[in-house]
Amino acid sequence: MSKILITSALPYINGVKHLGNLAGSMLPADIYARAMRLMGHEVLYICATDEHGTPAELAAQAEGMEVAAYCEAMHEAQKQAGAQFKLSYDYFGRSSAKSNHALTQAFAQQLEARGLIEERVSRQVYSNADGRFLPDRYVEGTCPSCGYEGARGDQCDGCGKLLDPVDLIDPYSAVSGSKDVEIRETNHLYLRQSALSDDLRKWVNAAKGWPPLATSIALKWLDEGLRDRAITRDLKWGIPVTNEDGSVRKGFEGKVFYVWFDAPIEYIAATQDWAAETGGDWAPWWRTDKGADEVQYVQFMGKDNVAFHALSFPTTIIGSGEPWKLVDQLKAFNWVTWYGGKFSTSQKRGVFMDQALDIAPSDYWRWHLTANAPEGSDAAFTWEEFQSSVNSDLANVLGNFVNRITKYCAGKFDGKLPAGGTPGEAEAWIEAELATRIPQLIKCYEAREFRKAMTETRAIWAAGNEYLTQAAPWTHYKTDVDQAAIGVRYGLNLVALFGIIAQPVIPDAAAKILDAIGVPEDKRSWNFGETTDVKALLSALPEGQAIAAPDVLFSKIEDTDIEAWTERFGGAEG
RNA sequence: GGUGGGGUAGCUCAGCUGGUUAGAGCGCAGGACUCAUAAUCCUGAGGUCGUGAGUUCAAGUCUCACUCUCACUACCA
């Protein structure tokens, strides 16, 4: 047994997340957390809402709400959406929490004491009408290069050229449209990432088990030369820049830390809040002088977050000179695309977490998004594929298997697990099959290869159907009831096993299955691994045990559903 | 522009450090079975592995060029 700390990239506060966000960080992290718990590891799964930054302020403004109230409401909404998707966070915190304020300020002070923070002056677009500085993307104007009129301050959509907002012709605020903008000088704190470049490279090179996606992105940034990064912003909502005595730093009134500086620190702060709430101890998870060396720390994120987790946050950690835990495994995902294109709220393309649950149970989404996880490359979501994996994998392969054998048991064996019979060829076959497949499944989970884990899970379910065909209890029943009994007994034990291995992905259906055939809670963990005792697994249920035939576990998605959803959410044509 | 990922059966994707007739699921065709959500099981068809060149006894797998596509490019997060 080991201690595993799991974090998934913090979902940003400005709205309920779409399926791509779910599939690329929270969901795989949850499935990994569940699988590791079932294997007997001590798991701590931490997540939180990322609440600072310009978009949060603007979203609140658009809703006519105070930022704090808006974030409070959105935090609750996301927390609820997570709960409905059965994300098994041990703690779901907020980056705006008091604990994070204190920790972020402490980190900054420590970094400055070690000479890794400098104050510099930069030039930034200020909008008088909006009364705020504008991030590059919120300034628009005419592209100095191609004359395109809707060019954003960071990049022109017309010619694709990278821009500096200062160079835009006729700049205006994308927030209000006002042309009353000017360039102002403003002072900020810079984190001297460049100073730690060599340490970071050494650390990245030594990292084992990261997907190529993660290492290649990290090395690319290092190769280009790490630039020092501003870690403060001219905003009101956020973590104030303070001195050690808690007073606001001179010249930093009206400034706060940059969201990307404080967000990863929230992983730690949220753990502190978890400890405070549960009476747990946070330090053994995060302080290497308190035992965190024993912890396996795994981060889940989309590829856009890699640089922050592989470089910026480690700069904070290493730069502090204190014994904080660094990430061990960085699992990065590509994007889920919508029929190959982008998710877009405005164009009615894509499904958001809350809407998703209106149209199908969370298990359906969990299964499909994991079986088609964007691990190797971007993965296209289509309604047709969704229908196919739900109907075929869940309804036909698993659901129908559970149904056929439990109903047969109810009809011919009085709903009780039958005794009698001697194992033969079919039993030897399924035993051999499981003896290779179950260790394989475990290996996939341990390697965090989710698509493969799902393929293996499905293959195990499918083997159950093949076993029943071979054992054919309905044929034997006519001449030899004992021979039929063993088929039913093995079949029902397979149901139990299938439910057990299904738990990380489709927890609701798994619970229904295990309840129906009476597997007690304490018999649902994975006490199998490299040395799987298959015979014991297939005779785990006590003879005579009452078996209930569950209702239809997975109802199928009809073509008419697909048509209706395409109409509502957009499809191939966008 | 720079960098990274991807381009493998109709569709979605596996193919590790190069090595027997290139795999899976779905879809399709045929057959079997009848316990089951018209489910399941078996068999089969289907790919000159983006293009061109190169290295090698041997390349989907390595090198180079080209091409298409997606993403990132540090003040959106």
Side-chain angles (χ1 to χ4, degrees), chain A residues 9-14 50 52-56 58 122 124-125 133-139 152-155 159-162 164-165 188 193 211-213 216-217 219-221 223-224 226-230 233-234 258-260 263 302-308 311-312 334-335 337 340-342 371-372 374-382 384-385 387-389 391-397 399-412 449 451-452 454-455 458-459 462 464-475 477 484 487-488 491 549 551-556:
Chain A
L10 308 187
Y12 196 66
I13 195 71
N14 68 342
D50 179 12
H52 300 139
T54 307
L58 294 178
S122 66
Q124 184 82 30
V125 176
F133 280 93
L134 297 173
D136 291 359
R137 290 197 186 196
Y138 288 90
V139 186
R152 291 195 319 264
D154 58 336
Q155 183 166 24
C159 62
K161 211 173 150 85
L162 293 180
D164 189 324
H188 283 296
Q193 298 191 120
L213 180 66
S216 69
I217 292 176
L219 289 175
K220 175 209 142 196
W221 282 56
D223 289 344
E224 287 181 1
L226 275 191
R227 280 178 246 160
D228 299 337
R229 188 190 278 271
R233 292 290 183 276
D234 291 286
Y258 172 40
V259 46
W260 262 116
K303 58 185 169 186
D304 56 332
N305 279 341
V306 169
F308 296 103
L311 303 168
S312 303
N334 289 281
W335 302 122
T337 63
K342 278 194 173 181
N372 297 285
E375 280 179 309
S377 62
D378 291 353
F381 176 91
T382 69
E384 293 74 15
E385 291 285 328
Q387 176 187 36
S388 163
S389 49
N391 290 0
S392 170
D393 302 344
L394 296 182
N396 294 348
V397 174
N400 181 56
F401 177 80
V402 173
N403 196 23
R404 66 195 291 208
I405 193 65
T406 50
K407 280 215 174 125
Y408 190 75
C409 174
K412 302 290 196 211
E449 302 220 39
R451 279 182 106 113
K452 286 183 182 165
M454 296 308 105
T455 300
R458 192 203 126 98
N465 282 311
E466 191 177 341
Y467 164 74
L468 279 191
T469 302
Q470 287 185 32
W474 46 88
T475 304
Y477 190 81
V488 173
D551 294 334
V552 168
L553 284 165
F554 307 98
S555 53
K556 291 193 189 178

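Here Phe554(A) lies in heavy-atom contact (under 4.0 Å) with a base. Across all strands shown, Asn400(A) has heavy atoms under 4.0 Å from base atoms, whether or not it also approaches the sugar-phosphate. Within 4.0 Å of Asn391(A), counting heavy atoms only, lies no atom of the nucleic acid at all. In this structure, Thr455(A) reaches neither bases nor backbone, as no heavy-atom distance under 4.0 Å exists between it and the strands shown. Note on Asp304(A): a base of the nucleic acid sits closer than 4.0 angstrom, heavy atoms only. At the heavy-atom level, Ala263(A) lies nowhere under 4.0 Å from the strands shown. Using a 4.0 Å heavy-atom cutoff across all strands shown, Val259(A) reaches sugar-phosphate atoms only and no base atom. As judged by a 4.0 angstrom heavy-atom cut-off over every strand, Gln470(A) is placed among residues making no nucleic acid contact. Among the protein residues, Ala307(A) comes within range of no part of the nucleic acid, since none of its heavy atoms lies under 4.0 Å from any strand. In this structure, Lys407(A) reaches the sugar-phosphate backbone alone: every heavy-atom distance under 4.0 Å involves primed, P, OP1 or OP2 atoms, never a base. Using a 4.0 Å heavy-atom distance criterion, Ala380(A) is classed as a sugar-phosphate-only contact. At a threshold of 4.0 angstrom between heavy atoms, the contacts of Ile405(A) with the nucleic acid are absent. Phe308(A) comes within 4.0 angstrom of a base, heavy atoms only. Using a 4.0 Å heavy-atom cutoff across all strands shown, Lys303(A) reaches sugar-phosphate atoms only and no base atom.
Residue Tyr258(A) has a polar side-chain atom (N or O) positioned under 4.0 Å from OP1 or OP2 of rA77(B). Using a 4.0 Å cut-off, no side-chain N or O of Arg404(A) falls inside it from OP1 or OP2 of rU37(B). Look at Lys452(A) and you'll find a side-chain N or O under 4.0 angstrom from OP1 or OP2 of rG15(B). Remark: Asn305(A) is not in phosphate contact with rA77(B), judged by side-chain N or O atoms under 4.0 Å from OP1 or OP2. Lys220(A) has no side-chain polar atom (N or O) that falls below the 4.0 Å cut-off from OP1 or OP2 of rA74(B). Distances shorter than 4.0 Å separate some side-chain N or O of Arg458(A) from OP1 or OP2 on rC26(B).
Going from the C1' atom of rU61(B) to that of rA22(B) covers 11 Å, rounded to whole Å. The separation of rU48(B) from rG60(B), taken at their P atoms, amounts to 13 Å, rounded to a whole angstrom. The gap from the C1' atom of rG46(B) to that of rA59(B) amounts to 24 Å, rounded to the nearest Å. Atom name P, nucleotides rC13(B) and rG50(B): the rounded distance is 15 Å, in whole Å. Using P as the reference atom, rG15(B) and rU55(B) are 29 Å apart when rounded to the nearest Å. Between rU40(B) and rG54(B), the two P atoms lie 50 Å apart (nearest whole Å). Taking atom P on both rG18(B) and rU63(B), the two are 11 Å apart, rounded to the nearest angstrom.
With values rounded to the nearest 0.5 angstrom, Met454(A) atom CE is found 12.0 Å from Ser389(A) atom OG.
A donor-acceptor pair under 3.5 Å links the side-chain atoms of Asp228(A) to the main chain of Gln193(A), judged by distance alone. Counting only distance, with no hydrogens or angles, the side chain of Thr406(A) and the backbone of Asn403(A) share a donor-acceptor pair below 3.5 Å.
A 6.0 Å sphere centred on CG of Asp551(A) holds no more than 12 heavy atoms belonging to other residues, nucleotides or ligands.
Of the listed nucleotides (rC41(B), rA77(B), rU12(B)), rC41(B) has the atom at the smallest distance from the side chain of Glu466(A). Listed nucleotides: rU37(B), rC75(B), rG4(B). Nearest to the side chain of Ser216(A): rG4(B).
Secondary structure note: stems in RNA chain B built from 3 or more consecutive Watson-Crick or G-U wobble pairs under 3.5 Å occupy B:1-7 with B:67-73, B:10-13 with B:23-26, B:28-32 with B:40-44, B:50-54 with B:62-66.
Toward the 5' end of RNA chain B, the nearer of the two residues Asp136(A) and Asp393(A), judged by each one's closest nucleotide, is Asp393(A).
Remark: ring of Tyr408(A) does not overlap the six-membered base ring of rC35(B) in a stacked fashion, as centroids less than 5.5 Å apart with planes less than 30° apart are not both met.
Following rounding to the nearest Å, Glu384(A) (CD) and rG27(B) (C1') show an atom-to-atom distance of 12 Å.
Remark: Glu375(A) pairs with Lys331(A) by the side chain to side chain donor-acceptor pair (under 3.5 Å) rule, at least two apart or across chains.
Ring geometry for Phe308(A) versus Trp260(A): interplanar angle under 30°, hence parallel rather than tilted (30 to 60°).
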